[in-house]
Amino acid sequence: SFSESNFYQSESWGKHKSNFNWKVYRFVAYDQNDNIKSMAQCLVRFYPYNSCIISCPGGPIGDLKLFDRSFIDYLARLLGKKYIYFRMRSMREYNTETIEILAANGWRIPKNKLTSNLTLLLNLEQKESDLINNLSKNWRRNLKRYKYDSLSIVQWPNPDINKILLLFSEMESYKSIKIGYTKDELKSLLQNFAKELIIFRCEINNKLIAIRAAIINTNKAWDLLAATNSIARKNYVSHQILWRLLMECKKIGVKNYDFSGIDPKNNPGVYNFKKGTGAINFASLGELEWCNSNILRYFINLIIRFRNRSI
């Protein structure tokens with residue numbers, strides 16, 4: 001397996017996105033001895049004027065030199081489209097040599113990005129005592145402030161979508177932020193990742209006040225869902241529920257926990273919360289684009305800028 005393997009390149013993610021007007025294509029390249037050199041799960045949407053958009057979240061995986069002009073030409077023939085916009089989001093560790101190789105093949109950093117290439121990784125192979133010692137003083141203090149007598153945190157094998165949506169709505173109200181999941185999207189995620197998802201809930205008097213969830217893929221986990229309301233905030237639930245999730249991941253053999261992106265400049269509160277776990281900074285190659293039409297490239301980046309629309 002490849003070190004940058006991830007759930008975005010899984011069959012489950014492909015099935016999830018196919019529920020939202022994406023057509024899934026999978027590509028595999030072999031060497032002369034039938035060993036896999038590279039792979040890519042691509043999501044495609046077709047548009048008028050002989051054009052299409054290709055999204056490759058979490059990929060491609062393996063030898064990125066193979067994703068050159070000849071591969072793009074092959075896609076054009078396969079899809080029957082003249083104008084192609086292709087955006088990858090590689091989770092491989094950033095290095096200038098790889099960027100230069102991709103740039104030589106026509107890839108460039110997009111003017112407007114959908115995600116950050118920065119994240120935090122927590123090594124769960126450490127002893128639990130070492131993980132506790134690596135917590136920041138503030139994190140350790142807040143972990144102890146959790147009120148065990150009045151609150152209940154348990155794993156949630158069969159989550160209630162309506163309860164989760166209500167909690168998201170409450171969080172939107174008191175934090176004045178927009179949550180990026182519709183009911184259909186959340187339902188699709190929970191159904192397609194039923195076997196890979198670990199979710200914890202916290203309740204007080206049978207009312208849901210917090211959730212935290214991660215997706216497991218081989219020996220890695222990715223932060224997926226997090227929500228708290230004002231009651232949870234007053235009772236320091238955020239630290240305890242995340243800690244329970246991390247310990248469960250460790251128990252089942254997860255080696256690394258990815259906090260799924262950070263924005264230290266524009267969202268320092270969330271960054272400091274995640275950083276307080278002892279996780280270390282990690283920069284991936286992130287988003288790169290290839291397009292054979294400057295007009296198409298311009299309009300897609302314009303849409304992303306003003307609508308923050310996912311592709």
**Q** Is there a continuous path of hydrophobic side-chain contacts, each under 4.5 Å between heavy atoms, that joins Ile262 to Leu121?
**A**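 Each belongs to a different hydrophobic cluster.
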**Q** Grab the two heavy atoms, one from Asp160 and one from Asn162, that are nearest each other, plus how far apart they are.
**A**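 Taking every non-hydrogen atom into account, OD1-N, 2.9 Å.
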**Q** What are the two closest heavy atoms between Tyr94 and Ser284, and how far apart are they?
**A**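 So the two residues come closest at CB-O, 3.6 Å.
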**Q** Return yes if some donor-acceptor pair links the side-chain N/O of Gln9 with the main-chain N/O of Pro57 below 3.5 Å, else return no.
**A**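 Looks like yes, one N/O pair under 3.5 Å.
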**Q** Flag yes if more than 12 heavy atoms outside Asn205 fall under 6.0 Å of its CG atom; otherwise flag no.
**A**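 Open: at most 12 neighbouring heavy atoms sit under 6.0 Å from CG of Asn205.
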**Q** Can you check whether Leu114 reaches Arg87 side chain to side chain, under 4.5 Å on heavy atoms?
**A**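 Yes; the side chains approach each other to less than 4.5 Å.
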**Q** Trp222 and ring pair (Phe, Tyr, Trp, His ring centres under 6.0 Å): which partner among Phe7, Tyr8, Tyr257?
**A**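 Among Phe7, Tyr8, Tyr257, the one meeting ring pair (Phe, Tyr, Trp, His ring centres under 6.0 Å) with Trp222 is Phe7.
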**Q** Using a 4.5 Å cut-off on heavy atoms from C-beta on, say whether the side chain of Lys220 contacts that of Asn6.
**A**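 A side-chain contact under 4.5 Å is absent here.
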**Q** Measuring from atom CE of Met247 to atom CG of Leu131, what distance do you get when rounded to the nearest 0.5 angstrom?
**A**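 Reported value, rounded in 0.5 Å steps: 5.0 Å.
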**Q** Output a table of donor-acceptor pairs, distance under 3.5 Å, between side-chain atoms of residues 73-84 and any protein atom two or more places apart or on a different chain; print 'none' if there are none.
**A**
residue	atom	partner	partner atom	Å
Asp73	OD1	Arg69	NE	3.0

**Q** Do Asp258 and Thr119 have side-chain atoms, one donor and one acceptor, less than 3.5 Å apart?
**A**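 Distance-only check passes for Asp258 and Thr119.
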**Q** Using atom types as modelled and distance alone, determine if a side-chain donor or acceptor of Asn117 lies under 3.5 Å from a backbone N or O of Leu285.
**A**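 Looks like no, no N/O pair under 3.5 Å.
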**Q** Regarding Asp68 and Ser70, is there a side-chain donor-to-acceptor distance under 3.5 Å anywhere?
**A**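 Yes, because at least one side-chain N or O of Asp68 sits under 3.5 Å from a partner of the opposite role on Ser70.
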**Q** Output yes when a side-chain donor or acceptor of Ser116 lies under 3.5 Å from a complementary backbone atom of Gly261, and no otherwise.
**A**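 No, the answer is negative, given that no donor and acceptor are paired below the 3.5 Å cut-off.
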**Q** Taking the side chain as every heavy atom from C-beta outward, state whether Val44 and Phe46 have any atom pair closer than 4.5 Å.
**A**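 Val44 reaches Phe46 side chain to side chain.
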**Q** Looking at Glu287 and Arg89, is any side-chain nitrogen of the basic one under 4.0 Å from a carboxylate oxygen of the acidic one?
**A**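 Looking at Arg89 and Glu287, the cut-off is not met.
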**Q** May I ask you to decide if the ring planes of Phe86 and Trp107 are parallel, tilted or perpendicular, using 30° and 60° as cut-offs?
**A**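 Rings of Phe86 and Trp107: perpendicular, over 60°.
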**Q** Check Met171 against Ala226 and note the closest heavy-atom contact, atom names and distance.
**A**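 Between these two residues, the closest heavy atoms are CE-O, 3.7 Å.
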**Q** Is any side-chain heavy atom of Arg108 closer than 4.5 Å to one of Arg297?
**A**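 Of all side-chain heavy-atom pairs linking Arg108 with Arg297, at least one is under 4.5 Å.
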**Q** If you group Ile, Leu, Val, Met, Phe, Trp and Tyr by side-chain heavy-atom gaps below 4.5 Å, do Ile101 and Met88 land in one group?
**A**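 No, Ile101 does not connect to Met88 through the hydrophobic network.
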**Q** Taking Leu189 as the starting point, is it possible to reach Val24 by hopping between hydrophobic residues whose side chains are less than 4.5 Å apart?
**A**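 As far as the 4.5 Å side-chain criterion goes, Leu189 and Val24 are connected within one cluster.
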**Q** Do the side chains of Ile36 and Tyr30 get nearer than 4.5 Å, heavy atoms only?
**A**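 Yes, side chains in contact.
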**Q** Say whether, by atom type as modelled, one donor and one acceptor occur between the side chain of Asn134 and the main chain of Asp130 under 3.5 angstrom.
**A**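 The answer is yes, because a donor-acceptor pair under 3.5 Å joins these two groups.
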**Q** Spell out, yes or no, whether Tyr49 and Phe299 are grouped together once hydrophobic residues are joined by side-chain heavy atoms under 4.5 Å, including indirect joins.
**A**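 Not linked; separate clusters.
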**Q** So, taking the atom named CG in Leu190 and the one named CG in Leu186, what distance separates them when rounded to the nearest 0.5 Å?
**A**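 Answer for the CG-CG pair, Leu190 versus Leu186, is 4.5 Å.
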**Q** Show the nearest heavy-atom pair for residues Arg92 and Asp63, with the distance to one decimal.
**A**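 Taking Arg92 first and Asp63 second, the nearest heavy atoms are NH2-N, 4.2 Å.
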**Q** Keeping Asn229 on the side-chain end and Leu167 on the backbone end, is there a donor-acceptor pair under 3.5 Å?
**A**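 No, because the side chain of Asn229 does not come within donor-acceptor range (under 3.5 Å) of the backbone of Leu167.
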**Q** Quick check: are there more than 12 heavy atoms from other residues, nucleotides or ligands sitting under 6.0 Å from NZ of Lys275?
**A**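 For Lys275, atom NZ is crowded (more than 12 foreign heavy atoms under 6.0 Å).
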**Q** Over all heavy atoms of both residues, which pair between Arg45 and Phe20 is shortest? Give the atoms and the distance, please.
**A**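 Where Arg45 meets Phe20 most closely, the heavy atoms are NH2-O, 2.6 Å.
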**Q** Give a yes or no on whether Leu143 and Leu122 share a hydrophobic cluster (residues Ile, Leu, Val, Met, Phe, Trp, Tyr; joining criterion: side-chain heavy atoms under 4.5 Å apart).
**A**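 Same cluster: Leu143 reaches Leu122 through Ile, Leu, Val, Met, Phe, Trp or Tyr contacts under 4.5 Å.
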**Q** side-chain contact (heavy atoms from CB on, under 4.5 Å) for Asn272 and Trp139? Distances and angles first, verdict last.
**A** CA-CA 10 Å; Asn272 289 326; Trp139 224 95; over 6 Å; no
**Q** Within the structure provided, determine whether Leu165 and Ser169 are in side-chain contact (heavy-atom separation under 4.5 Å).
**A**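 Heavy-atom side-chain distance check fails, nothing below 4.5 Å.
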**Q** Should Arg244 and Glu248 count as an ion pair when the cut-off is N to O under 4.0 Å?
**A**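 No, this pair does not count.
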**Q** Do His239 and Phe273 make a side-chain contact, defined as non-hydrogen atoms from C-beta onward lying under 4.5 Å apart?
**A**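 Sidechains of Phe273 and His239: in contact.
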**Q** Might you point out which heavy atoms bring Ile204 and Ile231 nearest each other, and give the distance in Å?
**A**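 Nearest heavy atoms, Ile204 then Ile231: CG2-CG2, 4.2 Å.
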**Q** Within the structure provided, determine whether Trp290 and Ile54 are in side-chain contact (heavy-atom separation under 4.5 Å).
**A**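 Not in contact.
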**Q** Quick check: does any side chain N or O of Lys15 sit under 3.5 Å from a backbone N or O of Phe193, one acting as donor and the other as acceptor?
**A**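 Absent.
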**Q** What residue among Glu11, Arg26, Lys17 forms side chain to side chain donor-acceptor pair (under 3.5 Å) with Gln41?
**A**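 The single option meeting the side chain to side chain donor-acceptor pair (under 3.5 Å) with Gln41 is Arg26.
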**Q** Could you tabulate the donor-acceptor pairs under 3.5 Å formed by side-chain atoms of residues 206-219, not counting sequence neighbours?
**A**
residue	atom	partner	partner atom	Å
Lys207	NZ	Glu170	OE2	2.9
Arg212	NE	Asp223	OD1	3.4
Arg212	NH2	Asp223	OD2	2.5

**Q** Which residues pass the ring pair (Phe, Tyr, Trp, His ring centres under 6.0 Å) test with Phe71, sequence neighbours left out?
**A**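 Checked Phe71 against ring pair (Phe, Tyr, Trp, His ring centres under 6.0 Å); matches are Phe27, Phe67.
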